[in-house]
2 protein chains.
Amino acid sequence: MLTDRKKKILQIVIEDYIATAEPVGSRTIARKYDLGISPATIRNEMSDLELLGFLEQPHTSAGRVPSAQAYRFYVDSMISPGALTDNDRALIDGWYRERVRSIDDIFQSTAKILSRMSKNVSMVLTNRDSSSCFSYMRFLPLDRNRAILCLITDDGNIDNCLVEVPLGMKQEELDYLAQRISNKLHGMKLSDIKENMLEELYVDLSGDKMLFTSLLKAVQQMSAGQQEQKMFLGGTKQLFNQPEFRDAERIKDLLGVLEEEKVLKDMLNAGTDSGLRITIGSENKFTSIQDCSMVQATYRLNGQVVGTMAVLGPTRMEYCKVISVMDYLHNYLQVVFDKAKT
Amino acid sequence: MLTDRKKKILQIVIEDYIATAEPVGSRTIARKYDLGISPATIRNEMSDLELLGFLEQPHTSAGRVPSAQAYRFYVDSMISPGALTDNDRALIDGWYRERVRSIDDIFQSTAKILSRMSKNVSMVLTNRDSSSCFSYMRFLPLDRNRAILCLITDDGNIDNCLVEVPLGMKQEELDYLAQRISNKLHGMKLSDIKENMLEELYVDLSGDKMLFTSLLKAVQQMSAGQQEQKMFLGGTKQLFNQPEFRDAERIKDLLGVLEEEKVLKDMLNAGTDSGLRITIGSENKFTSIQDCSMVQATYRLNGQVVGTMAVLGPTRMEYCKVISVMDYLHNYLQVVFDKAKT
DNA sequence: TGTTAGCACTCTTCACCATAGAGTGCTAAC
DNA sequence: GTTAGCACTCTATGGTGAAGAGTGCTAACA
């Protein structure tokens, strides 16, 4: 529908604007890029592109700026995200190696890498696997009146908390108790564990109400903790380097949104269907970021969505780079988790 | 050395400036506070105070602003931080109750509360108790070739990680192994555990080099994790509400500092001797925050420093309030930890 | 018919200037 | 020692004009 020349000019405008954050004028294009046509011709073409809704003018005497529609077109049919440069890959691998001790560290590193490479804010949301099942529990002795209650799920997650035990209660009794509860709950989804399931075990506790309630509380807390989605944020500082956030007010607004974990989770959970999702400007449902774009990818394990990562920034974003980086990270995480699982 | 009237005027200037962030003029003082003297007299007094180094003029025709020396004098001999209002206390107690599941949550909440009450950035640094000792370890079965290694310290901390075990190794063998290692390390400070201590146990592992190295790695990781200082940051968003951080550049600078965990830790570790420490403006050693003040308190358990909390903000800070809040939080934490210990 | 040079026009940005307002310092009187 | 009065200084604000960048239009050209 667009002539090749229009496409070319559109692409130049978009990419130049992405690079410079300045409205692009016909003269600039003629000077910087050798198209073999004069500024006047470019002007005519740009005028057409504006009528078609691809370009916008901040004001009469400024250059042109890509519209949301233009970015959409650009993303859908003008870019072909290639592989990262060796240099970038080395950087990423280095950052991952830097400090990864736990699963959480992996996500934290991912957020960091994503923000550094994209020069924007990044988010990583993990769905603690809601399908994980109770495997067994165990009391580890601590001192005369306390023990550590450990809860193990079938996927190898462990959670623990302190419980007070009646003075004089023997480890054997605790073991028996743990055995009973484990038998009762084994194989259940954590989300399905309800209070009343433990009630019939009450008798086994020799009527010790205190131990019973604290046990109950512990189990529930743990299953809640296991199900919780966890959010990792990276690179809020990057905002300051973006010209569109030059005034403190806008940064403040956006940081406000970023601090609302609930909103963020909703945002990220909204697009867990397809693999890669790009929402540009007003395409976004959440009004507070309607002048931003978000590139988002979900990662799965055995078909289950286990997490989402996203880059949030001004619509003027290096989509191509961002997508490449995400692709790389996506593969990286897939490998890590596959390995952890087997 | 200062007449009562000069003191009174100085106090008014300081407190008015703290409240409004506007230079205070003689006329304003005469109007707002009923001192029974005219603006001209106040002007004379202020002129004296300026000569003495307590007040400064941003420019000739502006009001006066307290100098660092003035804040120092104010903090040292003009305020007597009282108890918090019932309202504030209720707020704090509520926030603590809101979401406290783990030790880390307590620190996170403390940071949050501190920043909300002080309307400034807050930091909480925990010294994982470096004197905690190894109590015992235990393997919890997971599946055919993996187990969860749990490490318990004498103060009830538990850490865990996955280890691969040779196929066919029986739980009894693992238990025996854990027993041997526990005997060997029991009562040792985590920081004193060195690689070679485990080496003589190598034989017990029926020569399984893989298990041995992964065990070794696990123990070291855990003891490192236990010793690590952990930093909780709160309320960076507060910066935006402070007039002195109106331009994005200064916020950016400060946020840059706040992201440098190492610098922060040095800052907080620098003043762990006395209980409460207030550094005002250029008193601070770290150039990046020499236009800021920091109020800092350490908390101890059995004489050991276990953590530090601090509020960082412009020199124009509600010192009185900040100190009161810190005092309250300090007591709160003391109680919590004392209870956890016994 | 598409392309181009030329030119008038529009709009922003920046420096410059004048004015209003706030606050001071000084002097003289109380 | 205190105060009223007044000249002075400095900032903040709003208006003006020139420079610069970019456009749209027209007329000429290939």
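Values reported hereafter were calculated over all heavy atoms of this structure, with side chains retained and with hydrogens, waters and symmetry mates removed. All of these numbers come straight from a predicted model, not from anything done at the bench. So you know, we letter chains A, B, ... as the sequences are listed, proteins then strands, and number each from 1.
The CD-P distance, from B:E50 to C:dT24, rounds to 10 Å in whole Å. Rounded to whole angstrom, the span from the CG atom of B:L35 across to the P atom of D:dT3 amounts to 11 Å. Taking atom CD of residue A:Q57 and atom C1' of nucleotide C:dT10, one finds them 10 Å apart after rounding to whole Å. The separation between B:I42 atom CD1 and D:dA4 atom P is 11 Å, rounded to whole Å. At whole-Å resolution of the value, NE2 in B:H59 and C1' in C:dG25 are 16 Å apart. Counting to the nearest Å, the P atom of C:dG25 and the CG atom of B:L55 are 11 Å from each other. Straight-line distance from the CG atom of B:N44 to the C1' atom of D:dA4: 12 Å, rounded to whole Å. The distance from atom CG of A:D4 to atom P of C:dG2 is 16 Å, rounded to the nearest whole Å.
Between the side chains of B:Q242 and B:R316, at least one donor N or O lies within less than 3.5 Å of an accepting N or O. Under the 3.5 Å distance criterion, with hydrogens and angles disregarded, a donor-acceptor pair is assigned to the side chains of A:S293 and A:Y319.
Listed pair A:T41 / C:dG2 fails the phosphate criterion, with no side-chain N or O lying under 4.0 Å from OP1 or OP2. The side chain of A:R64 contributes an N or O atom lying less than 4.0 Å from OP1 or OP2 of D:dG24. An OP1 or OP2 oxygen of C:dG2 is reached within less than 4.0 angstrom by no side-chain nitrogen or oxygen of A:R5.
In a base pair of the Watson-Crick type (N1 to N3 plus N6-O4 or O6-N4) or a G-U wobble (N1-O2 and O6-N3), with each distance short of 3.5 Å, C:dT27 is matched with D:dA4. Checking C:dG21 for Watson-Crick or G-U wobble geometry (two distances, each under 3.5 Å) identifies D:dC10 as its partner. When both pairing distances are held under 3.5 Å, C:dC14 makes a Watson-Crick or G-U pair with D:dG17.
Nearest to the side-chain atoms of A:S26 among the listed nucleotides D:dT23, C:dC11, D:dT3 stands D:dT23. Closest to the B:T60 side chain, of the nucleotides D:dA4, D:dT23, D:dC10, is D:dC10.
The nearest heavy atom of DNA chain D to B:R43 and to B:S61 marks one nucleotide each, and the one closer to the 5' end goes with B:R43. Projected onto DNA chain D by closest heavy-atom contact, B:A40 and A:A40 fall at different nucleotides, the more 5' of which corresponds to B:A40.
With salt bridges taken as basic N to acidic carboxylate O contacts below 4.0 Å, none links A:D4 and A:K8. Using a cut-off of 4.0 Å between Lys/Arg side-chain N and Asp/Glu carboxylate O, A:K321 and A:D88 are scored as salt-bridged.
The main-chain N or O of B:T298 is never found under 3.5 Å from a side-chain atom of B:T308 such that the two would form a donor-acceptor pair.
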